[in-house]
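One structure is given here, and the rest of the page talks about it.
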There are 4 protein chains.
Amino acid sequence: MRIDLNADVGESFGAYAIGHDPGLMTSITSANVAAGFHAGDPSVLRSTIRLAKAHGVAVGAHPGFPDLAGFGRRDMKVSPREAEDFVLYQIAAVAGVAAAEGVTLQHVKPHGALFNMAMRDADLASAIARATAAFSPDLMLFGLPDSELLQAGRAERLRVVAEAFADRAYEADGSLVSRSKSGAVIHDVSAVVARAVRMAKDGTVTAIDGTVLKLRPDTICVHSDTPGADDLAARLRAALGDAGVSVRAIGAA
Amino acid sequence: MRIDLNADVGESFGAYAIGHDPGLMTSITSANVAAGFHAGDPSVLRSTIRLAKAHGVAVGAHPGFPDLAGFGRRDMKVSPREAEDFVLYQIAAVAGVAAAEGVTLQHVKPHGALFNMAMRDADLASAIARATAAFSPDLMLFGLPDSELLQAGRAERLRVVAEAFADRAYEADGSLVSRSKSGAVIHDVSAVVARAVRMAKDGTVTAIDGTVLKLRPDTICVHSDTPGADDLAARLRAALGDAGVSVRAIGAA
Amino acid sequence: MRIDLNADVGESFGAYAIGHDPGLMTSITSANVAAGFHAGDPSVLRSTIRLAKAHGVAVGAHPGFPDLAGFGRRDMKVSPREAEDFVLYQIAAVAGVAAAEGVTLQHVKPHGALFNMAMRDADLASAIARATAAFSPDLMLFGLPDSELLQAGRAERLRVVAEAFADRAYEADGSLVSRSKSGAVIHDVSAVVARAVRMAKDGTVTAIDGTVLKLRPDTICVHSDTPGADDLAARLRAALGDAGVSVRAIGAA
Amino acid sequence: MRIDLNADVGESFGAYAIGHDPGLMTSITSANVAAGFHAGDPSVLRSTIRLAKAHGVAVGAHPGFPDLAGFGRRDMKVSPREAEDFVLYQIAAVAGVAAAEGVTLQHVKPHGALFNMAMRDADLASAIARATAAFSPDLMLFGLPDSELLQAGRAERLRVVAEAFADRAYEADGSLVSRSKSGAVIHDVSAVVARAVRMAKDGTVTAIDGTVLKLRPDTICVHSDTPGADDLAARLRAALGDAGVSVRAIGAA
């Protein structure tokens with residue numbers, strides 16, 4: 001029994017600070033580092049990689065839409081060619097800065113609207129997988145278990161990593177309950193922790209209608225924009241440890 | 001006797017086309033490829049690298065100030081830390097996209113105001129050299145022969161590449177005549193070609209006051225924003241060949 | 001019988017020149033001036049307004065998505081609140097610079113993907129109409145005759161202006177043939193001119209299936225990104241004049 | 001005896017929150033509202049103007065360099081023409097959004113590096129004053145008492161407003177002590193309050209070398225990026241009131 005804990009980091013920009021990076025880094029095992037398109041800047045990127053390295057946290061690229069004003073959360077209708085090229089660019093930037101710090105890039109996880117769209121849009125998913133594989137066949141690709149993205153990753157012979165969200169409700173079919181519905185986000189910290197432990201240990205989660213779903217995540221996402229995200233991550237890590245689950249980066253031995 | 005011919009390319013952006021890339025690529029031997037800060041975008045970057053590869057042109061990164069509106073031509077007072085980080089980021093992006101296309105980055109040449117400032121500002125020069133060396137000790141650094149930039153490059157144990165401008169007038173001390181003075185830019189194509197041949201063959205150039213300067217450039221820059229830059233490059237290459245000068249990328253065997 | 005001729009102008013950006021503004025200004029009667037979000041910059045905006053004023057061309061704001069890299073041509077899923085605020089901002093910028101040049105803003109025409117989405121999306125259309133009315137109840141709103149945008153404009157008690165495209169094929173229901181279909185754009189200049197004259201004079205156009213549609217446009221759009229757009233505009237204006245149609249800005253007496 | 005209290009507001013951007021706007025608005029009398037170039041966005045701009053209106057705070061435009069990554073704090077070598085055009089654009093945007101909210105723009109105060117450079121650079125100062133006057137001769141221009149900016153404002157027949165900084169040390173010649181020197185910023189709140197009261201009441205301040213300077217400010221700036229800026233503003237306002245100084249917007253009757 002092992003699990004990876006991932007979170008989005010490096011999203012500050014210039015004079016603008018956001019997130020809980022120092023706190024999160026003491027608990028997570030994989031960091032999704034912003035690349036300057038939806039968030040982040042070259043100095044934030046570099047210091048975030050240094051911080052991850054100092055805490056032994058694995059580094060991934062977190063490419064997003066070129067939409068700083070919208071924090072990459074607004075759907076944009078880009079062509080597969082555009083997506084492939086800007087994802088490759090962002091992977092290259094994060095990987096190159098990481099390499100200069102002596103860190104090998106572990107994975108790629110798309111951000112925000114790009115992530116959500118790539119779960120369902122086969123062409124977009126394929127573009128992202130191609131960009132990832134073009135950069136390196138050793139990169140892992142993060143996404144929801146039955147998503148177009150992971151399917152595209154497999155087609156590119158990438159190692160795919162199934163992700164779960166302990167603070168999000170699931171539909172009976174394994175998809176996430178839309179944020180527009182009530183109950184979509186679970187705010188009770190104890191409940192979130194209990195769900196994470198059950199996901200990691202038993203491979204199950206109770207859907208919003210009461211159905212018990214099988215779910216074998218390789219990694220659990222801690223939303224870094226939740227107030228108290230760093231405390232939540234610390235509690236998750238402690239509870240998983242107490243339950244006998246080994247919390248390690250997905251790429252660790 | 002050998003010489004490299006370099007030019008700035010990949011400066012188009014989205015719907016905006018600029019430059020003479022396809023024409024230039026048939027004559028130059030080293031391409032300075034924009035990285036998306038002063039010019040260029042991820043798709044332009046990738047297709048420019050493909051074009052360079054198809055023509056056997058060596059690829060370099062051309063980092064600039066984060067100033068698309070000013071095309072990187074406006075002095076910006078950035079800290080050495082900021083400069084180091086955004087130069088590293090830009091090198092990483094170009095190098096990573098090049099690697100995905102099977103191309104190894106040859107060199108780094110700063111753009112516009114960043115280039116000009118780095119000729120004289122030791123702290124900025126050192127920041128750029130550090131970023132370059134941090135990315136790879138095999139990268140070459142382009143600059144004016146007696147500049148702070150090349151001195152900083154040597155301090156970082158990088159191979160430095162002395163650059164000359166065939167279409168710019170020189171002062172008696174070897175510096176370029178300021179563009180604000182009349183006669184700073186030489187518009188007569190035959191004169192530019194003759195100067196280039198003499199630089200490459202004899203290692204001399206006549207300064208604006210008549211003094212004959214010693215100048216042993218490794219590479220000659222063709223300004224890509226001059227009207228007819230592609231024709232000029234073709235004439236330069238032909239004339240150099242006729243004069244028995246081998247025109248090859250600086251990093252070629 | 002009178003008609004307005006409009007075109008998109010002021011889309012250059014920094015070192016990047018695009019379009020045929022000087023040529024177009026001698027023929028069109030209403031200019032849609034970019035506001036710096038999808039294209040244009042403060043200096044281009046101001047000089048474009050001066051050019052319009054010098055030629056007696058009426059000035060309108062041409063707000064677009066905040067997507068310079070995509071030239072405002074990519075759908076973005078923005079909230080009505082965001083759209084209302086960035087359209088108001090762009091109208092304010094163009095109107096204020098125009099006022100400093102002694103020119104009163106005549107109209108608002110959304111650009112690219114924002115225009116296309118606002119034809120069909122009632123919430124977005126309403127946001128644009130509210131922003132326009134909030135700035136001034138005297139502004140006119142340009143759009144396709146039966147669009148959500150013009151309906152929203154009427155609801156805000158704005159004067160709405162029905163637009164036609166002489167170089168685009170129409171479906172039998174009066175909508176434009178999608179650019180993805182063959183025959184969507186009419187490239188033959190004589191055919192385009194003949195269609196424009198017929199639209200202005202007879203109020204009809206032949207749809208792609210042969211149906212004769214009624215169409216009473218107040219203004220005809222000349223696509224400024226077509227090669228030879230300035231020549232086409234000149235021929236349109238001359239032909240309309242020869243046919244006895246008065247070509248005047250929609251807001252002119 | 002009366003004084004204006006001003007602060008920079010509206011500097012949040014998209015998902016990035018910064019500053020203490022709601023708290024400051026209960027104490028200041030003039031708000032310098034960011035225009036989207038160094039900080040701010042169209043939605044932040046509009047809601048900031050609404051907030052100012054709700055609190056009876058006068059609204060000014062706070063134009064800055066086009067440098068969001070540097071928060072407008074980095075010197076940029078722009079031409080006077082560029083500066084004039086982007087300042088006019090920013091004034092237009094703020095004024096137009098304010099007008100849509102029923103608020104008339106009171107003043108213009110340049111931001112950050114643009115402000116500092118305009119204190120000493122006559123060409124830049126003149127460009128800013130021209131842009132301000134071109135928009136409206138009724139706008140006031142804020143700056144240091146003996147600055148090039150206020151001189152340029154007078155030359156354009158604008159009403160100029162002398163500004164003082166209660167939390168900054170002064171040199172004997174009336175200039176601000178450079179932030180690079182120790183003692184440049186006064187952190188003791190009681191001392192700052194006492195200085196402000198003395199400035200407003202007696203028109204004097206003690207320079208860093210002990211000299212007593214005459215200083216008759218029309219407005220005192222509260223730095224909004226100081227931690228506790230809102231509390232400081234509240235204490236300043238209360239202390240000024242207690243001392244019998246009327247705290248009113250500079251443009252109020």
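Below, chains carry the letters A, B, ... as their sequence lines are ordered, and counting in each starts from 1. Only heavy atoms go into these numbers, but all of them, side chains included; no hydrogens, no water, no symmetry mates.
At a 4.5 Å heavy-atom cutoff, the contact between A:Ala134 and chain B is made by backbone and side-chain atoms alike.
For A:Thr226, there are no side-chain hydrogen bond (donor to acceptor under 3.5 Å, both in side chains) partners at least two apart in sequence or on another chain.
Within 6.0 Å of the CG atom in A:Asp225, the count of heavy atoms belonging to other residues, nucleotides or ligands exceeds 12.
Of all the listed residues (B:Pro42, B:Ala131, B:Ala99), the one sharing the greatest number of non-hydrogen pairs under 4.5 Å with chain A is B:Pro42. Interface remark: of the candidates A:Ala133, A:Ser43, A:Ala100, A:Ser43 forms the most heavy-atom pairs closer than 4.5 Å to chain B.
Inspection of non-hydrogen atoms places B:Arg81, B:Glu82, B:Glu84, B:Asp85, B:Phe86, B:Leu88, B:Tyr89, B:Ala92, B:Ala93, B:Gly96, B:Val97 of residues 64-97 of chain B under 4.5 Å from chain A.
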